[in-house]
**Student:** 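Sharing a structure with you now.
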Amino acid sequence: MRKFGLLPRIIIAIILGIIAGTFLPEIAIRVFATFNSLFGNFLGFAIPLIIIGFIAPGIGSMGKGAGKMLGITTGLAYISTIAAGILAYIAASSLYPMMLKNQSFTQFDNPEEALLEPIFTVEMAPIMGVMTALLIAFTLGLGLASIKGSTLQNALNDFQAIVEKLIEKIIIPLLPIHIFGIFSNMTQGGQIGTIMSVFAKVFIMIIALHLIILFIQYTAAGTAAKRNPFIMIKQMLPAYFTALGTQSSASTIPVTLKQVKKIGAREQTADFSVPLLATIHLSGSTITIVSCAIAVIMLQGQSISFIEILPFILMLGVTMIAAPGVPGGAVMAALGLLESMLGFDATMIALMIALYLTQDSFGTACNVTGDGALTVLADKLGGKSPVNNKADSETA
């Protein structure tokens with residue numbers, strides 16, 4: 001029996017939440033509001049664990065066997081991710097004032113007042129603050145990258161596996177119920193029309209931005225390799241559609257490798273860079289996160305300047321290394337930054353997750369396709385001429 005993917009479950013949860021919020025009695029909505037409160041508190045407890053569990057071993061393992069190609073590939077991935085975030089901010093700040101005009105929760109004196117309260121709450125205090133967790137993760141990760149010992153690295157790898165199981169087996173499966181509760185509560189509060197209109201407009205803009213960043217990436221790669229960027233993109237389409245279906249960069253690696261070798265990268269470069277980029281290069285996901293975050297901020301009747309969001313984008317580029325390889329992993333890794341740097345509360349985080357997950361597969365497809373361009377660039381910057389695999393006139 002074919003596994004029912006996360007995206008269809010999220011879409012069904014949104015639809016059922018709207019229906020439930022229209023017809024269910026108030027007490028039923030409060031039951032789901034109680035679940036949302038418990039789940040949100042547990043998510044807050046888990047965020048520091050996710051940060052340490054993924055950032056520390058991720059940075060630490062990158063230092064093992066470090067060389068010129070590692071530095072080049074990592075640098076290209078970071079530059080691409082930051083450029084994607086800045087592109088998303090420019091587009092959102094330019095277009096959202098028109099696209100989202102008169103669409104906010106400011107018709108309520110306090111947006112939270114429109115939502116029904118949970119029946120009861122349970123405090124689940126995190127073991128440390130988000131910024132403390134980030135500092136510990138960077139300290140441990142950079143330390144591990146600079147020493148020869150492997151004991152702590154192995155321990156953190158085990159801890160990472162535990163946290164990944166927590167996300168994969170508990171948080172991700174419960175997300176549709178959480179989103180169902182949020183949407184049913186917002187529907188009864190009269191906010192759902194605004195939300196759905198924003199979803200549609202943000203979705204279209206994000207897809208357009210994904211295509212723009214891919215064009216930029218392949219124009220740079222095509223210029224460096226003296227190849228037609230449009231033909232290179234065409235040859236990468238099998239990887240794009242594979243990622244679209246699997247929602248996983250890791251699952252797409254075999255297809256990505258095959259296609260990257262067709263567009264001009266040497267085999268040894270592709271074998272090294274593609275698996276690494278599948279982990280650390282998330283330009284498409286960054287576009288989605290930044291675009292959705294600004295939309296959520298504007299829904300609250302607020303705005304954010306470039307100076308305010310730039311530190312978030314710079315930190316996001318590093319934190320994306322921590323993104324676990326499960327659907328929705330990038331937004332899970334970014335939750336700590338959304339909370340600590342942008343001041344997101346539980347409702348804003350729930351909206352952010354819902355917005356992100358409806359577009360997760362497209363972000364993953366953009367990530368994977370961009371890996372091809374960055375691999376070719378890394379190959380050229382590595383110093384040796386790439387193998388002349390195919391003529392530019394060849395089609396995929």
**Student:** Is a side-chain N or O of Asn185 found less than 3.5 angstrom from the main chain of Gly181, in a donor-acceptor match?
**Tutor:**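 Between the backbone of Gly181 and the side chain of Asn185 there is no qualifying donor-acceptor contact (under 3.5 Å).
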**Student:** Examine distances only and state if a side-chain atom of Gln302 and a backbone atom of Ile297 form a donor-acceptor pair shorter than 3.5 Å.
**Tutor:** no
**Student:** I'd like to know if the side chain of Tyr218 and the backbone of Asn228 have a donor-acceptor N/O pair within less than 3.5 Å.
**Tutor:**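 Judged by distance alone, no pair lies under 3.5 Å.
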**Student:** Give me each pair satisfying side-chain hydrogen bond (donor to acceptor under 3.5 Å, both in side chains) with a member in residues 85-96, each pair once, sequence neighbours excluded.
**Tutor:**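 Of all non-adjacent pairs touching residues 85-96, none passes side-chain hydrogen bond (donor to acceptor under 3.5 Å, both in side chains).
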**Student:** State, with a plain yes or no, whether a side-chain heavy atom of Thr256 is found less than 4.5 Å away from one of Leu277.
**Tutor:**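 Thr256 does not reach Leu277 side chain to side chain.
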**Student:** Please confirm whether the backbone N or O of Ala33 pairs with a side-chain atom of Ser37, one donor and one acceptor, at under 3.5 Å?
**Tutor:**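 Absent.
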**Student:** Looking at every heavy atom in both Leu144 and Gln153, which two are closest together, and how far apart are they?
**Tutor:**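 Taking Leu144 first and Gln153 second, the nearest heavy atoms are CD1-OE1, 3.5 Å.
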**Student:** Measure the shortest side-chain to side-chain distance between Leu24 and Ile29 over non-hydrogen atoms and say whether it is less than 4.5 angstrom.
**Tutor:** yes
**Student:** Measure from the side-chain N and O atoms of His210 to the backbone N and O of Gly284, and report whether any donor-acceptor pair falls under 3.5 Å.
**Tutor:**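 Yes: the side chain of His210 pairs with the backbone of Gly284.
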**Student:** State the CD-CD distance between Glu117 and Glu26, to the nearest 0.5 angstrom.
**Tutor:** 11.0 Å
**Student:** Look at the aromatic rings of Phe180 and Phe32 and report parallel, tilted or perpendicular, splitting at 30° and 60°.
**Tutor:**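 Ring orientation of Phe180 relative to Phe32: perpendicular.
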**Student:** Between Phe306 and Ile86, is there a side-chain heavy-atom distance shorter than 4.5 Å?
**Tutor:** yes
**Student:** Give a yes or no on whether the backbone of Thr375 and the side-chain of Asp379 come within a donor-acceptor separation of less than 3.5 Å.
**Tutor:** no
**Student:** Answer whether the closest heavy-atom distance between the side chains of Leu76 and Leu381 falls below 4.5 Å.
**Tutor:** yes
**Student:** Side chain of Asn41, backbone of Val122: donor and acceptor closer than 3.5 Å?
**Tutor:** yes
**Student:** Can you find a pair of side-chain heavy atoms, one from Phe42 and one from Leu174, that are under 4.5 Å apart?
**Tutor:**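 Phe42 does not reach Leu174 side chain to side chain.
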**Student:** Tell me if a side-chain donor or acceptor on Ser184 pairs with a main-chain N or O of Ala20 at a distance below 3.5 Å.
**Tutor:** no
**Student:** May I ask you to test the Met128-Ile52 pair for a side-chain heavy-atom distance under 4.5 Å?
**Tutor:** yes
**Student:** Should Ile207 and Phe203 count as side-chain neighbours, where that means a heavy-atom distance under 4.5 Å?
**Tutor:** yes
**Student:** So among Thr74, Thr81, Asn367, Asp371, which one has a side-chain hydrogen bond (donor to acceptor under 3.5 Å, both in side chains) with His281?
**Tutor:**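 Single side-chain hydrogen bond (donor to acceptor under 3.5 Å, both in side chains) partner of His281 among Thr74, Thr81, Asn367, Asp371: Asp371.
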**Student:** Is the closest side-chain donor-acceptor distance between Ser305 and Glu308 under 3.5 Å?
**Tutor:**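 Yes, a side-chain donor-acceptor pair sits under 3.5 Å.
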**Student:** With the side chain counted from C-beta on, respond yes when Ile353 and Leu335 share a heavy-atom pair under 4.5 Å apart, and no when they do not.
**Tutor:** yes
